[in-house]
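We count ligands from 1, going down the list as the structure has it; atoms in each ligand are counted the same way.
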Amino acid sequence: MASRREITLIPGDGIGPEVTAAARAIVDASGAAFDWDVQPAGLAAQASGLPALGPAVFESIGRTGLALKGPTGTPFGTPYRIEVGAHRMNPKPEPRVYPSVAIALRKEFDLYMNLRPIRSFPAVPSRYQDVDLLIFRENSEDLYLGRERMVDDDTAEAIKTITRGATTRAAKFACETMVRLGRKKLAVAHKSNVLKLTDGLFLRAAMDVAAQYPQIEARDRVIDALCMELVLAPDRYDCLLLANLYGDIVSDLGAGLVGGLGMAPGANIGEQCAIFEAVHGTAPDIAGRDLANPMAMILSATMLLKHVGELEAAARIERALTSVLERRDRVTGDLGGGPGGGTQAMTQAIIEAM
Ligand code: NAD
Ligand code: IPM
Ligand code: MN
């Protein structure tokens with residue numbers, strides 16, 4: 001029998017506890033043997049008197065190297081600071097400050113790649129039926145470093161940082177993954193007509209890497225036109241490489257192509273750790289009402305299973321999910337489910353189908 005593996009589980013905020021409970025129950029029923037170390041983080045942790053992102057979370061992920069994370073809430077517009085001190089994976093004593101829990105985890109564990117597959121499922125109502133995009137989002141720099149300030153009462157500025165090193169690392173990951181998966185077409189997104197230095201460097205560095213892979217056909221697309229083409233004819237695209245902020249925005253656009261945010265899973269990957277989380281946020285408008293589509297989190301969990309080599313368990317879950325989607329009676333409303341459907345009914349149906 002395969003040995004048990006320890007994994008960190010961050011339930012998160014809003015719909016996070018509902019969708020991570022679904023994913024956990026399904027993974028447990030899949031035959032993969034995991035011991036879950038549950039670590040609160042985010043607004044819910046703060047409400048119970050804990051830090052939003054405390055040392056216990058770093059200790060846990062530093063030990064397990066693997067986490068399934070629910071979305072964590074970040075207040076819009078108002079100041080919010082996540083302060084992080086020394087921990088096992090980053091012993092720097094000077095405190096670091098981040099604008100959100102998700103960003104702090106990505107930076108502190110050096111999870112430099114955010115991999116977000118966007119795939120249509122025939123049984124799910126959506127605008128397109130033949131979407132199969134792989135989004136490679138650089139996850140460590142760009143406008144995400146929190147370097148923002150008020151110059152005076154009426155002027156604010158933010159600094160966008162692009163380095164050849166981070167871009168090259170992300171592009172190499174993308175190309176290596178494409179070769180492994182047999183995927184051929186890569187579009188590198190940029191706005192180098194305006195951001196000549198930052199996006200210009202991103203484009204040059206990414207194209208330099210792609211040129212070393214003769215089996216990959218790489219081309220550049222300016223980000224605004226790319227968005228239009230994705231909405232018009234998403235089947236013309238295969239893999240996309242984007243800087244951090246464009247990757248964030250195009251991920252949600254991609255989710256919209258295949259039925260909504262309930263459909264898009266993701267992985268934050270580094271050399272030593274990986275944290276798997278859906279593209280969607282805490283969805284406060286539907287939280288606690290058994291309405292959340294757990295698919296994005298379940299598919300994030302199957303990405304995790306594949307990452308650790310549990311291919312059988314991942315395939316079992318995907319087969320069960322597909323059959324439950326086809327029957328439709330117990331799925332959530334956004335998937336076409338009726339009164340018998342919901343987060344919990346769908347979870348139970350997937351477990352029974354396995
Ligand atoms: P959101 O993704 O939470 O919600 C946008 C819309 O999509 C809402 O109408 C919501 O009901 C719907 N939706 C999202 N997930 C769904 C699901 N699984 N099933 C059905 N419908 C779903 O975006 P938001 O409202 O802009 O953000 C809410 C909070 O989440 C913010 O604080 C934001 O910072 C945070 N957030 C966190 C993460 C993360 O931790 N990884 C990711 C994105 C957003
Ligand atoms: C995402 C989210 C995060 C991001 C926020 C919550 C910091 O939108 O994971 O897509 O912008 O990366
Ligand atoms: Mn986002």
Side chain, backbone, both or neither: which applies to Ile286 and ligand 1 if a contact is any heavy-atom pair less than 4.0 Å apart? side chain
Is there a chain of hydrophobic side chains (I, L, V, M, F, W, Y, each step under 4.5 Å between heavy atoms) that links Tyr80 to Leu143? yes
Which option, Ala283, Gly70, Pro71, Ala287, owns the non-hydrogen atom nearest atom 39 (C) of ligand 1? Pro71
N/O to N/O below 3.5 Å, does that happen between Ala292 and ligand 1? no
Between Glu59 and Arg63, does any side-chain N to carboxylate O distance fall below 4.0 Å? yes
If you count every heavy atom of other residues, nucleotides or ligands that lies below 6.0 Å from Glu271 atom CD, does the total exceed 12? no
Around atom CG of Leu197, are there more than 12 heavy atoms from other residues, nucleotides or ligands closer than 6.0 Å? no
Do other residues, nucleotides or ligands put more than 12 heavy atoms under 6.0 Å from Arg81 CZ? no
How long is the straight-line distance from CD1 of Ile61 back to NZ of Lys69, given to the nearest 0.5 Å? 9.0 Å
Numbered atoms of ligand 1 (with element) below 4.0 Å of Thr72, judged on heavy atoms: 35 (C), 36 (N), 37 (C), 39 (C), 40 (O)
Is it true that atom CD of Glu229 has more than 12 heavy atoms of other residues, nucleotides or ligands lying nearer than 6.0 Å? yes
Closer than 4.0 angstrom, basic N to acidic O: yes or no for Lys191 and Asp224? yes
Nearest-neighbour protein heavy atom for atom 41 (N) of ligand 1, which is reported as residue plus atom name and distance: Glu277 OE1, 3.0 Å
Just heavy atoms, cut-off under 4.0 Å: does Arg106 contact ligand 2 by side chain, backbone, both, or neither? side chain
Under 4.0 Å from ligand 2, counting heavy atoms only, is it the side chain of Arg137, its backbone, both or neither? side chain
N/O of Tyr144 under 3.5 Å from N/O of ligand 2, yes or no? yes
Between Asp252, Asn268, Asp285, flag the one that comes closest to atom 11 (O) of ligand 1 by a heavy atom. Asp285
I need the contact type for Ser100 against ligand 2. Using non-hydrogen atoms and a strict under-4.0 Å cut-off, is it side chain, backbone, both or neither? side chain
Which atoms of ligand 1 are found less than 4.0 Å from any heavy atom of Thr282? 3 (O), 28 (C), 29 (C), 30 (O)
Would you say NZ of Lys172 has more than 12 non-hydrogen atoms from neighbouring residues, nucleotides or ligands within 6.0 angstrom? no
At under 4.0 Å between heavy atoms, is it the side chain or the backbone of Val279 that contacts ligand 1, or both, or neither? backbone
Subset of ligand 1 atoms that lie under 4.0 Å from at least one heavy atom of Gly73: 32 (O)
Note the single closest protein heavy atom to atom 16 (C) of ligand 1, along with its residue, its atom name and the distance in Å. Ile15 CD1, 4.0 Å
Part of Met295 with heavy atoms under 4.0 Å of ligand 1, whether side chain, backbone, both or neither: neither
Evaluating non-hydrogen atoms only, which member of Thr74, Leu335, Leu43, Asp13 is closest to atom 32 (O) of ligand 1? Thr74
Winner among Asp248, Thr74, Leu245 once heavy atoms are compared against atom 2 (C) of ligand 2: Asp248
So Phe58 and His87, would you call those rings parallel, tilted or perpendicular, with 30° and 60° as cut-offs? parallel
Is a side-chain donor-acceptor pair under 3.5 Å present for Asp152 with Thr155? yes
Looking only at heavy atoms, the pair that brings Leu53 and Ala104 closest together is CD2-CB, 3.5 Å
Are more than 12 heavy atoms from other residues, nucleotides or ligands located less than 6.0 Å from atom CD of Glu318? yes
Within the 4.0 Å heavy-atom shell around Lys69, which atoms of ligand 1 are there? 39 (C), 40 (O), 41 (N)
Does atom 4 (C) of ligand 2 have a protein heavy-atom neighbour under 4.0 Å away? yes
Taking side chain to side chain donor-acceptor pair (under 3.5 Å) as the criterion, tell me which of Thr198, Asp199, Asp220 meets it with His190. Asp220
Identify the protein heavy atom lying closest to atom 25 (O) of ligand 1, giving its residue, its atom name and the separation to 0.1 Å. Pro284 CD, 4.2 Å
In this structure, atom 1 (C) of ligand 2 is nearest to the protein heavy atom Arg116 NH2, 3.3 Å
Looking only at side-chain N and O atoms, does Thr161 offer a donor or acceptor that is under 3.5 Å from a partner on Arg147? yes
Carboxylate-amine/guanidinium proximity below 4.0 Å for Asp132 and Arg183: yes
I want to check something: taking the side chain as every heavy atom from C-beta on, are Gln129 and Pro122 in contact at a cut-off of under 4.5 Å? yes
More than 12 heavy atoms from other groups under 6.0 Å of CD on Glu148: no
Side chain, backbone, both or neither: the part of Ile103 lying under 4.0 Å from ligand 2 by heavy atom: side chain
Is the shortest N/O to N/O distance between Val19 and ligand 1 below 3.5 Å? no
Based purely on interatomic distance, does Asp334 place a nitrogen or oxygen under 3.5 Å from a nitrogen or oxygen of ligand 1? no
Measure the distance from atom 6 (C) of ligand 1 to every protein heavy atom, then report the residue, atom name and distance (to 0.1 Å) of the closest one. Leu261 CD1, 4.1 Å
Is the contact between Asn293 and ligand 1 made by the side chain, the backbone, both, or neither, using heavy atoms and a 4.0 Å cut-off? both
Do Arg24 and Ile7 have side-chain heavy atoms sitting under 4.5 Å apart? no
Which of the ligand 1 atoms, numbered from 1, are nearer than 4.0 Å to a heavy atom of Gly281: 1 (P), 2 (O), 3 (O), 30 (O), 36 (N), 37 (C), 38 (C), 42 (C), 43 (C), 44 (C)
Mode of His280 contact toward ligand 1 - side chain, backbone, both, neither (heavy atoms, under 4.0 Å): both
Could you name all protein N, O or S atoms found under 2.8 Å from the Mn ion (ligand 3)? Asp248 OD1
Considering non-hydrogen atoms of the protein only, which is the closest contact for atom 26 (O) of ligand 1, and what is the distance? Phe76 CZ, 3.6 Å
Would you call Phe136 and Met113 a side-chain contact if the rule is heavy atoms closer than 4.5 Å? yes
